[in-house]
Amino acid sequence: MSVTTHWFLPTHGDGRSIVDRPHVTPTGADTPRQPDIDYLAQVAQAAEHLGFTGMLTPTGSWCQDAWVTTAALLARTRRIKFLVAFRPGSLTPTLAAQLATTYQRVSGGRLLLNIVTGGESVEQQRFGDWLDHDQRYARTDEFLAVLRGIFAGEPFDFDGEHYQIRGATAFEAPDPQPPLYFGGSSDAALPVAARRADVHLTWGEPPGAVAQKVQRLRELAAEEGRTLRFGIRAHIITRDTSAEAWATAQKFVDQMDPADVAASQAKFAATESIGQRNMAALHGGVLRSDARELEIHPGLWAGVGLLRGGAGTAFVGSHAEVADLIEEYHAVGIEEFVLSGYPHLEEAYWFGEGVHPELARRGLLAPVGAPAPEPVAAGRW
């Protein structure tokens, strides 16, 4: 099976360094790139031109709404799909089904859905959601059961702890049915992925750890009579030579303020997210003077997670070395790579013009526009 690559739409703003953090503080950089529609269109058009299949568009109180922003970009692009992230606690499954169905009709089938349960209660409470971590995953399980029921095209009834629904429908079944991407590493999350998701996304832990997670999820999915595809979310620093790539990583380290690192690590230490804890464990919360000291596996750099939440690792190296690492992840079951870099416009070109041809030479790159495997229906609602 070949790999599929996706890029990232920086709806929180962009910058030339991981120190440029407009989603953390409004003055996180001297001149961060504002996420106006013209800049976002540049990034989306570049990703489309360079052969990426889709674009992850984030969700949260720190960024613009993914549904509205990507809908605006449909007219500025022709082919690229949008992996729209949203939180089940912020809308009903019936409304989500109506949105997805409408989006598929107006876009010509360019919607992918990223289900974000939410790992932090503080963030969830901004949206009026007071469920705890495990309850949120239980609600997501029910949400996706209803969503898939509506996608089947017939009025759908459901009685659960979080939803009691009668005759739920959209005005038509979405065509095609958008695949469901889902992340989560906790014991509460993995069974939900096994029952409901099409693609499970993990953050960039070393390949050995990812292999263990893939194996566990395959076993859980088999118990449900299903199969899953697997993807990884990571950053990219790729250049014509390894030395150039690591010089960029070193520049990022040199720009970091130890006080900012300490503040970020204090926040991450209190996280409810198992995935975020795993990211923090990779670097130990220690800012080192040599960027290579944060290399936790050949070509896998944990420096991003010193400051930024979420995906905390980057693939660093020459185009061939980055392709080597992608090939290593592919060997343990990863088929989809959801990538980003700083700035997103320039790094898209480094990857698209450098790594994409290398993957193609190795026979690993899926043809642009190739259909994804059909979702396997859940064993039970």
Side-chain angles (χ1 to χ4, degrees), residues 4-12 35-38 40-45 47-48 52-60 63-118 127 140 143-156 163 165 168-183 196-199 201 229 231 233 336 338 368-375 377-378:
T4 300
T5 60
H6 307 274
W7 200 239
F8 185 87
L9 192 68
T11 56
H12 54 286
D36 61 71
I37 197 66
D38 290 330
L40 296 177
Q42 288 184 58
V43 178
Q45 289 163 356
E48 182 172 79
F52 291 93
T53 294
M55 298 202 74
L56 173 62
T57 310
T59 185
C63 61
Q64 297 176 153
D65 178 75
W67 292 99
V68 174
T69 302
T70 59
L73 290 173
L74 291 173
R76 308 282 287 268
T77 54
R78 295 178 298 170
R79 173 197 54 79
I80 200 160
K81 298 180 180 181
F82 291 101
L83 179 50
V84 172
F86 72 95
R87 303 186 185 201
S90 62
L91 72 171
T92 70
T94 306
L95 177 57
Q98 292 175 335
L99 287 167
T101 299
T102 304
Y103 201 111
Q104 290 297 63
R105 176 176 278 271
V106 302
S107 71
R110 291 163 60 189
L111 176 66
L112 313 170
L113 291 176
N114 180 28
I115 313 302
V116 180
T117 297
F127 294 89
T140 295
F143 183 100
L144 295 179
V146 177
L147 188 68
R148 285 199 181 277
I150 299 171
F151 282 174
E154 298 293 335
F156 187 74
Y163 297 103
I165 290 175
T169 61
F171 62 90
E172 64 183 6
D175 184 23
Q177 180 174 318
L180 306 182
Y181 290 68
F182 179 89
R196 311 297 182 196
D198 297 309
V199 181
L201 292 176
R229 302 197 309 279
R233 172 78 183 95
E336 305 207 19
V338 183
V368 174
E374 287 295 321

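FYI, the numbering just counts along the sequence from 1.
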Asker: How would you list, by chain and number, every residue that makes a side chain to side chain donor-acceptor pair (under 3.5 Å) with Thr5, sequence neighbours excluded?
Answerer: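 Expected list: His356.
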Asker: For Gln42, what residues pass the side chain to side chain donor-acceptor pair (under 3.5 Å) criterion, not counting sequence neighbours?
Answerer: none
Asker: Could you grab the distance from atom CG of Leu56 to atom CG of Leu9, nearest 0.5 Å is fine?
Answerer: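 Going from CG on Leu56 over to CG on Leu9, the span is 8.5 Å.
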Asker: Taking all heavy atoms of Ile37 and all of Thr69, pick out the closest pair and write down the distance.
Answerer: CD1-O, 4.3 Å
Asker: Just jot down the side chain to side chain donor-acceptor pair (under 3.5 Å) partners of Tyr103, sequence neighbours excluded, or say none.
Answerer: Thr70
Asker: Name all residues meeting the side chain to side chain donor-acceptor pair (under 3.5 Å) criterion together with Thr140; count only those two or more places apart in sequence or in a different chain, and write none if there are none.
Answerer: Thr117
Asker: The criterion is side-chain contact (heavy atoms from CB on, under 4.5 Å); which residues satisfy it with Ala96, sequence neighbours excluded?
Answerer: Phe86, Leu91, Phe143, Leu147
Asker: Which residues pass the side-chain contact (heavy atoms from CB on, under 4.5 Å) test with Thr4, sequence neighbours left out?
Answerer: His6, Thr53, Glu336, Ala366
Asker: A side-chain contact here means heavy atoms from C-beta on lying under 4.5 Å apart; do Arg76 and Asp38 qualify?
Answerer: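 In contact.
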Asker: Using the test side-chain contact (heavy atoms from CB on, under 4.5 Å), find all partners of Gln104 that sit at least two apart in sequence or belong to another chain.
Answerer: Ser107, Leu111, Pro174, Pro176, Pro178
Asker: According to side-chain contact (heavy atoms from CB on, under 4.5 Å), who are the partners of Thr77, at least two apart in sequence or on a separate chain?
Answerer: Ala44, Gln45, Glu48, Ile80, Phe82, Arg110
Asker: If the condition is salt bridge (Lys or Arg N to Asp or Glu O under 4.0 Å), which residues does Asp36 pass it with, not counting sequence neighbours?
Answerer: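 Testing Asp36 for salt bridge (Lys or Arg N to Asp or Glu O under 4.0 Å), a comparison that skips the adjacent residues, returns none.
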Asker: Please examine the side chains of Tyr181 and Arg233, heavy atoms only from C-beta on, and report whether any two atoms are closer than 4.5 Å.
Answerer: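 Heavy-atom side-chain distance check fails, nothing below 4.5 Å.
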